[in-house]
Structure formats: structure tokens, C-alpha cells
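Handing you a structure now.
Each chain gets a letter, A, B and so on, in the order its sequence line appears, and its residues count up from 1. Basis for what follows: all heavy atoms, side chains included, without hydrogens, waters or symmetry-related copies.
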Amino acid sequence: MSEWDGISGFDGWSGKLRDLLKDANAAARSEDIEQRFEASERLTQFVENSRPNDEPIKALDDIAKRAAIGLLRQTIDERLASIVERNGELAALGKKFSDAASGARKSAAALRLERATKALESLNDGIVKLKDLRDSLKSAADKDIAAAVDKAMAAAKAARALIEKA
Amino acid sequence: MLPNGRCRLFILIGVAALIQGCATLPNADKFADATAQMHVAVVASGSAVVASLDEAGEKERGEQLRQAWKTTVAVTSAMAVYTDAVSDVLKSGTQGAESVRKVATAGQTLASTLGIALAGVKPAVDLLAAIGQHVAQAAAARTLEDVLSRMQPAAENTAELLGRQLDDVETILRAAGALSIVELKASVSDERGYLLSLRDERKMHYQKPLDDKIAARLKQIEEVERGVQVKLDPVDRKIAAVEARVKSGRQLIGAARQLAAEWSVAHRQLLAAVQESRAVDPRALVAAVSEIRDLVQKVREE
């Protein structure tokens, strides 16, 4: 036997709705989510079960439906507010993870000796270009430039030695 | 006074032997994969709930959730970047020899370009590479121990907050589903009420002795019930679809919550593994990841 059996007439159904609304009010004030879902479910069942569907009963159905919807919307709004409330703390934690990731990436790059490898590779490119330039300088007028290139190459050698020591 | 070449070689061998004591680093690939999947699950959970709110006609609340959920998504995204970086440190630690060889090769190329002869450079590079391997492992372990221990409180705090966010979003999903069902049920309350009245009448007739008049009326009731049920069937199917979506959404959210809880445990295990130089057992995370892949697919298909 369900809770809807034996109810009849407007007085019977309106009495039942009064009980349900009392429970719904208690559920709305409670933090127990299951109590709220149960109250809204029973109000929905009231809409389905109340009969005959004449105008007075339909008016009761409308009240029950609006109460069920109100209870559910209140639950959604409260949960949305909780989610937003935690966002500040979560954003701060997200920044911590980002900062830690950034630091870890730098450490990983250092472990892979990326800076030393890149420096040596780019230095090597520079030396090759300087050698090409030195070889292309033939005339006496180019003597000064050739001497400057030699100096640059010597500086590159010194830089290489420093990088290797680093 | 600087040691001569032979002495330097012995010192290097000695250093290599000392560092050899450092054990292997754990593999964090599974941990990084699990974090990426947790991010996917959090994104999919939020989208599923927003879609449910939209479906229930609560577009404004759906938009509010869409905006509010961005921070949660950003956190799991930062966690995924973080675990990738942790994994990168571990990989760099195990690639020490390769790194030393890269530097040595670049140096050798430079030397030969400059016409500098580097006699005996090959054995020296091999030795340096061997040392580099162990030095890199030890440095990676130190870096990781520092990062992981510093981040452990944040990992635990985040896992707890994510769990609460997921709890709330699950409640919103249930409420959105219930809202849709209230509207669907109310849309056919006349038909449902009529069907119930017919059932009452049928019950009443069953209590009387059967005569031709009652038999005819029962037949008529049966036909009318079938006719009304035809009108109810499409709505019942819609209600069943809403219930199925809520069910699979809740499964996905539950799996994401489980993964968030296991994530902080896995973070602690990784820290312990680095400290104790042992491997990590990623079975719990791997199982959760495969479950999440299936659930995300299911939610997207519905």
C-alpha cells in the first residue's frame, strides 16, 4: 500500500499537501540533501497521484510542483555558492602548482645541461662564420679586419674554455 | 696544487664509485597520465552538469556553473602541468649520460673547428658521461624531494577541496535531473491521473461478481488504458533518459572524486619513493584512469 492510497476528495488531497509542505519546509531548513530530494520527490508524486484532475485539484498540483521546484532550485543555488566560495583557495593552490611546475622545468633543463649545450653550439656556429670571413680576406687592405677576426676567434676560444669549466 | 692527469682519472673513478650508491629514480609517467585523466574527468563532469541544467531550463544557473567551474578546471590543469614537470625532472635525471655527451660533442665540434687536437677525449667523455648519469640522478632526486615535500600539503588540501567541489556538482546534477523530471511528470499528470482513476475503477469491479456489463466495462477500461499509455510512453522514455544521464554523470563524478583522493596518496608515495629510491606502484591510479576513460566516453555519447 502506498501513501497515496485511500486519499480522496479535495479535503483529503489538500490535507495531504499540507503535510508534504510541512516536511518540505523542514527539509529546506535542513542541510541534509537526501531529506530535500525525498521531499521534492514526494511533492512530484503528489502531482502524479492526486485526482480527479479537476480545477481545485490542479490548483493543489500547481502548489506542489512549485514547492518541489523551489526546493531543488534552493539546493542548486546553495551548491553553486559553495563552489564559488572555495574558488579563492583553489586558485591560490593552482598558482602554487604552476610555480612548482615552473621551478621543476628549470631544474630539468639544468639537469639536461641545456644551457651549456646551446652555448657551445651557438659559439661553434659563430666560429665557423668567422673562419669563413677570415678565409675570404686576401688583400693587404683587409689586414686590419683579418687581425680583428683573429682576435674574435681567440675570444671565442677563451669563452669555450670558460663554458667547459662551468 | 692541481693533481696530474693520472691522479685526476683516479679521483673521477672514485667519485663515480661513490655516486654509484644512488639507486634508480621512480617512473612518474603513470602519475602524470592519471593527473591528465583527472583533469579530463573534471572538465567532463562540469560540462555534463551544465548540460543538465540547460536541459532543465535553468540556463542562467548553467551559465553560473560554467563560470564557477573554470577555477576547478584551472587547478586540475595546473596539477597536470606540475606532474608533467615532475616527470620531466625524473626523465632528465635518468638522461644524465646523454646530456654530458651532448655537451661534449658540441665542445669537440668547436675544438675541431678551431683546430685544437683533443687527444684521448673519447675515454674521458665516456667516464664523464658515467659520472654525469649518477650526478644527474642524485640532483634529480634532491630536486624532486624538495618539490614534492614542499607541495605535499598543497596536494592534500587540493584533493580535499576537489572532492568537495565534486560533491557539490553531483548534488547540482541530481537536482537538475529532478527538475527535468518534475516538469516531464507534470506535463502528463492529467493522463497519469486518469490512468490511476481507471485502475481504481478496475479494482472496484474485481470485487464484484462478474456479469456481462462488468466484463464489457473492464474490456473498455483496458482499451482506454492502452490508449492513454501510448501518450505516456514518449514521456516515460524521456524520464528514463534523464535518469540514465544522471546515473552515468554521477558515476563519472564519483570516479573523478576517487581519483582526486588517490592522487594525493600517489603524490605522497612518489615522495616516499624518491626518498627511499624505489619504484612507485601505480596500479590504483591506472585502474581509476581506465574507468574514467570509459565513463567520459559514456557521458559524451548520452
>> Tell me whether the count of non-hydrogen atoms from other residues, nucleotides or ligands lying under 6.0 Å of CD in E31(A) goes above 12.
In response: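 Check fails, neighbour count at 12 or below.
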
> I83(A) and A68(B): which non-hydrogen atoms are nearest, and at how many Å?
Replying inline: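 Heavy atoms only, the tightest pair is CG2-CB, 4.0 Å.
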
> Below 4.5 Å, heavy atoms only, C-beta onward: do R73(A) and E58(B) meet side chain to side chain?
Replying inline: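 R73(A) reaches E58(B) side chain to side chain.
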
>> Looking at every heavy atom in both D168(B) and S82(A), which two are closest together, and how far apart are they?
In response: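 So the two residues come closest at OD2-CB, 3.0 Å.
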
>> Given heavy-atom pairs under 4.5 angstrom as the criterion, report whether the side chain, backbone, both or neither of D84(B) touches chain A.
In response: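 Its backbone and side chain both get close to chain A.
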
> For chain B, which of D99(A), I33(A), L43(A), I76(A) has the most heavy-atom pairs under 4.5 Å?
Replying inline: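 Most heavy-atom pairs under 4.5 Å with chain B: I76(A).
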
>> Ring of F37(A), cation from R174(B) - is the NZ or CZ under 6.0 Å from the centre and inside 45° of the axis?
In response: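 Yes, R174(B) sits over the ring of F37(A).
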
> Taking all atoms of both residues into account, what is the closest heavy-atom pair of G94(A) and A78(B), and its distance?
Replying inline: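 Minimum heavy-atom contact is O-CB, 3.5 Å.
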
>> At a 4.5 Å cut-off on heavy atoms, which part of A154(B) comes close to chain A: side chain, backbone, both, or neither?
In response: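 Both backbone and side chain of A154(B) come within 4.5 Å of chain A.
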
> Which atoms of D5(A) come close to chain B, meaning under 4.5 Å heavy atom to heavy atom: side chain ones, backbone ones, both, or neither?
Replying inline: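 Contact with chain B involves the side chain of D5(A) alone.
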
> From L93(A) CG over to E160(B) CD, what is the distance, rounded to the nearest 0.5 angstrom?
Replying inline: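 L93(A) atom CG to E160(B) atom CD measures 10.5 Å (nearest 0.5 Å).
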
> Yes or no on side chain to side chain contact (heavy atoms under 4.5 Å, CB included) for T72(B) and N87(A), after CA distance, side-chain angles and deciding distance?
Replying inline: CA-CA 7 Å; T72(B) 308; N87(A) 277 350; 4.2 Å; yes

>> Rounded to the nearest 0.5 Å, what separates atom CZ in R86(A) from atom CD in Q165(B)?
In response: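 Here the rounded value is 4.5 Å.
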
> Does the pair R79(A)/D167(B) count as a salt bridge with the N-to-O cut at 4.0 Å?
Replying inline: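 Salt bridge absent between R79(A) and D167(B).
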
>> Is the shortest side-chain heavy-atom distance between E48(A) and L196(B) below 4.5 Å?
In response: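 Not touching, per the 4.5 Å side-chain cut-off.
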
>> Please identify, among E41(A), Q45(A), K58(A), R36(A), the residue contributing the most non-hydrogen atom pairs under 4.5 Å to chain B.
In response: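 Highest number of pairs under 4.5 Å: K58(A).
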
> For the atom pair CG (L72(A)) and OG1 (T171(B)), what is the distance rounded to the nearest 0.5 Å?
Replying inline: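 These two atoms lie 11.5 Å from each other.
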
>> Within this structure, what is the CD1-OG distance for the pair I57(A) and S189(B), rounded to the nearest 0.5 Å?
In response: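 Interatomic distance, I57(A) CD1 to S189(B) OG, rounded to 0.5 Å: 11.0 Å.
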
> At their closest point, which heavy atom of A101(A) faces which heavy atom of Y82(B), and how far apart are they?
Replying inline: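 Here A101(A) and Y82(B) meet closest at CB-CA, 3.6 Å.
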
> For V75(B) and A91(A), which heavy atoms make the closest approach, and how far apart are they?
Replying inline: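 What the structure gives for the nearest pair is CG2-N, 4.4 Å.
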
> Say you draw a straight line from CD1 of I181(B) to OG1 of T44(A); how long is it, rounded to the nearest 0.5 Å?
Replying inline: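 Result: 8.5 Å between the selected atoms.
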
>> Less than 4.5 Å apart, side chain to side chain, heavy atoms only: is that true for L161(B) and E89(A)?
In response: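 They are in contact (side-chain heavy atoms under 4.5 Å apart), so the answer is yes.
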
> Would you call R51(A) and R192(B) a side-chain contact if the rule is heavy atoms closer than 4.5 Å?
Replying inline: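 No, every pair of side-chain atoms sits at 4.5 Å or beyond.
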
>> Evaluate K185(B) against K65(A) for side chain to side chain contact (heavy atoms under 4.5 Å, CB included), listing each step before the verdict.
In response: CA-CA 10 Å; K185(B) 285 187 172 173; K65(A) 182 185 158 188; over 6 Å; no

>> Does any backbone or side-chain atom of L53(B) lie under 4.5 Å from a heavy atom of chain A? Answer side chain, backbone, both or neither.
In response: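 Contact with chain A: side chain only.
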
> Out of curiosity, I172(B) CD1 to E78(A) CD, how far, rounded to the nearest 0.5 Å?
Replying inline: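 I172(B) atom CD1 to E78(A) atom CD measures 10.5 Å (nearest 0.5 Å).
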
> Are side-chain heavy atoms of T158(B) and F97(A) found at a separation under 4.5 Å?
Replying inline: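 T158(B) reaches F97(A) side chain to side chain.
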
> Heavy-atom distance under 4.5 Å to chain B: side chain of E34(A), backbone, both or neither?
Replying inline: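 Interface part for E34(A): side chain.
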
>> Is it true that, when you exclude K96(A) itself, more than 12 heavy atoms of the residues, nucleotides or ligands shown sit nearer than 6.0 Å to its NZ?
In response: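 Counting neighbours around NZ of K96(A), 12 or fewer heavy atoms of other residues, nucleotides or ligands fall under 6.0 Å, so no.
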
> Minimum heavy-atom separation for N53(A) to G193(B), with atom names?
Replying inline: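 Smallest interatomic distance, heavy atoms only, reads ND2-CA, 3.6 Å.
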
